[in-house]
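When reading the values below, keep in mind they use all heavy atoms of this one structure, side chains included, and skip hydrogens, waters and symmetry mates. The structure displayed is predicted, hence computed values, not measured ones. Numbers here are sequence positions counted from 1.
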Amino acid sequence: MSPRPRPHRRSAALGRAARRALPAALALVLPLTATVSCGLNDEPERHTRACGVVVDGSGSAAATKDGFDAEAKLRAKLEKFLADNECRTTYFAPITRVSQASKCQISEIDLDPDLPGTADRDRTRTALRAAALTGARKLLKCAQKEEPGSDVIGGLARIALSRPSGEDRSFSLLVVSDFQQNDPEFRLGRQDLSTGARREAAVDALLKSHDIPDLAGTDIHPVGYGMKFDTKTSRYRQFDAFWTELLEGRMKARVHTTYR
């Protein structure tokens with residue numbers, strides 16, 4: 001067998017140079033590839049969750065020494081809530097003297113609509129969350145013009161009408177209220193909440209005059225909850241036990257303190 005020909009010196013030198021250049025070439029190509037890949041797959045995943053905001057327009061919602069300043073709380077919490085929960089649609093409901101009969105209403109907003117491929121989806125979502133805040137503030141102003149009162153359970157019943165039907169009934173609510181139920185048929189401030197038995201009797205009395213909202217499994221995020229009792233620890237415990245029994249025990253909702 002004839003011996004293998006030795007490579008030409010110039011060819012061998014080029015081969016060694018090519019091998020030395022390969023890592024440098026890869027270092028240039030890989031970031032470019034990553035950039036192209038990111039450009040092809042940077043469409044954010046679409047949001048799907050239904051959400052709602054319930055706004056208390058009673059006298060205690062005012063920006064006064066004794067009020068909980070509902071508008072300031074909307075400004076501080078609503079857009080963050082919508083972003084954190086990746087809300088696709090947001091619905092609105094007021095809390096007034098008789099919430100279910102209130103004329104105040106704002107149409108739902110699609111926070112993640114279909115867009116052309118060139119659109120900036122994150123920027124659109126941000127703008128629509130700001131529009132939701134504008135809508136909630138308008139709803140608040142309308143509610144504040146109605147006859148004084150605070151039908152919290154009626155506001156929850158009204159937002160429950162917007163809950164999705166079908167298998168996936170996931171629903172997240174931001175409820176901006178101090179939760180001082182005060183309507184023509186039930187005044188929380190007049191109830192004896194000092195024992196478990198009396199709190200259950202108070203819950204029964206409330207539900208006798210108000211239908212229980214269809215919100216089982218719903219995530220409820222109160223804002224302004226119990227602010228009237230910020231210096232009255234024992235009374236706050238009774239108030240909190242009453243609403244825990246009503247929201248979690250009877251309605252089977254999940255109550256969170258994330259934005260409280």
Side-chain angles (χ1 to χ4, degrees), residues 49-56 58 60-61 68 70 73 77-78 80-82 84-87 90-95 99-100 150-183 185-230 232-260:
R49 193 170 187 84
C51 298
V53 55
V54 184
V55 184
D56 190 337
S58 64
S60 59
F68 66 90
K73 285 178 170 47
K77 306 294 184 179
L78 179 56
K80 178 173 173 53
F81 163 79
L82 296 173
D84 290 348
N85 288 273
E86 298 185 343
C87 298
T90 186
Y91 301 91
F92 302 85
I95 293 173
S99 299
Q100 288 174 284
S150 183
D151 178 17
V152 180
I153 196 77
L156 293 174
R158 183 156 165 173
I159 200 71
L161 298 175
S162 300
R163 187 180 185 182
S165 57
E167 292 185 7
D168 185 5
R169 305 195 70 204
S170 300
F171 205 26
S172 290
L173 301 178
L174 189 76
V175 184
V176 182
S177 173
D178 61 357
F179 281 74
Q180 282 297 320
Q181 180 79 24
N182 181 16
D183 67 82
E185 296 177 280
F186 184 92
R187 294 188 178 184
L188 185 57
R190 294 182 177 179
Q191 304 299 314
D192 183 351
L193 306 178
S194 59
T195 67
R198 288 174 177 172
R199 286 191 290 271
E200 285 199 23
V203 170
D204 290 338
L206 175 58
L207 295 180
K208 184 176 181 180
S209 57
H210 298 73
D211 293 333
I212 190 165
D214 178 19
L215 292 174
T218 295
D219 294 292
I220 296 178
H221 301 264
V223 182
Y225 179 89
M227 291 192 69
K228 177 180 178 181
F229 306 113
D230 60 349
K232 302 173 184 177
T233 304
S234 61
R235 183 61 176 164
Y236 173 81
R237 289 198 189 111
Q238 296 172 15
F239 165 90
D240 185 50
F242 169 85
W243 281 106
T244 299
E245 170 62 21
L246 178 56
L247 298 175
E248 297 185 346
R250 304 292 182 93
M251 288 171 46
K252 307 301 180 185
R254 296 185 291 261
V255 179
H256 306 269
T257 60
T258 312
Y259 308 98
R260 186 180 295 180

For Q191 and Q181, what are the C-alpha separation, side-chain angles and deciding distance, and is it a side chain to side chain contact (heavy atoms under 4.5 Å, CB included)?
CA-CA 11 Å; Q191 304 299 314; Q181 180 79 24; over 6 Å; no

Quick one: salt bridge (charged side-chain N to carboxylate O under 4.0 Å, His left out) pairs with a partner in residues 201-213, sequence neighbours left out?
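Every salt bridge (charged side-chain N to carboxylate O under 4.0 Å, His left out) pair that includes a residue of residues 201-213, provided the two are not neighbours, is D204-R250.
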
Under 30°, 30 to 60°, or over 60°: which ring-plane class applies to F239 and F229, parallel, tilted or perpendicular?
tilted

If the plane angle is over 60° it's perpendicular, under 30° parallel, otherwise tilted; pick one for F81 and Y259.
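If you compare the ring of F81 with that of Y259, the planes turn out perpendicular.
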
Could you grab the distance from atom [atom1] of [X] to atom [atom2] of [Y], nearest 0.5 Å is fine?
X: Q180; Y: S60; atom1: CD; atom2: OG; result: 7.0 Å
X: L247; Y: F179; atom1: CG; atom2: CZ; result: 6.0 Å
X: S234; Y: L193; atom1: OG; atom2: CG; result: 11.5 Å
X: R199; Y: W243; atom1: CZ; atom2: CH2; result: 14.5 Å

Ring-ring centroid check Y225 F68, cutoff 6.0 Å
no

Can a salt bridge be assigned to the pair R198 and D192 using a cut-off of 4.0 Å between side-chain N and carboxylate O?
yes

Is R49 salt-bridged to D219, cutoff N-O under 4.0 Å?
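Judged by the 4.0 Å cut-off on N to carboxylate O distance, R49 and D219 do form a salt bridge.
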
Between [X] and [Y], what is the shortest heavy-atom contact and its length?
X: L206; Y: I153; answer: CD1-CG2, 4.0 Å
X: S99; Y: G154; answer: CB-C, 3.5 Å
X: Y236; Y: G226; answer: CD1-O, 4.0 Å
X: R235; Y: L188; answer: NH2-O, 4.0 Å
X: Q100; Y: A157; answer: NE2-CB, 3.6 Å
X: R169; Y: R163; answer: O-NE, 3.1 Å

Any donor and acceptor pair, going by atom type alone, linking the side chain of [X] with main-chain N or O of [Y] inside 3.5 Å?
X: S177; Y: D56; answer: no
X: R158; Y: P94; answer: no
X: N85; Y: C87; answer: no

Is there a side chain to side chain contact (heavy atoms under 4.5 Å, CB included) between I159 and Y91 once you walk through the steps?
CA-CA 7 Å; I159 200 71; Y91 301 91; 3.9 Å; yes

Let me know which of V176, L174, V175 forms a side-chain contact (heavy atoms from CB on, under 4.5 Å) with H221.
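Between H221 and the candidates, side-chain contact (heavy atoms from CB on, under 4.5 Å) is satisfied uniquely by L174.
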
State which residue, out of D214, T218, L215, L207, fulfils the side-chain contact (heavy atoms from CB on, under 4.5 Å) condition with M251.
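Of all the options given, the one that passes is L215.
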
If you count the non-hydrogen atoms of other residues, nucleotides and ligands that lie under 6.0 Å from NZ in K73, is the total more than 12?
yes

Evaluate the criterion side chain to side chain contact (heavy atoms under 4.5 Å, CB included) for residue pair V255 and R260; output intermediate values, then yes/no.
CA-CA 10 Å; V255 179; R260 186 180 295 180; 4.0 Å; yes

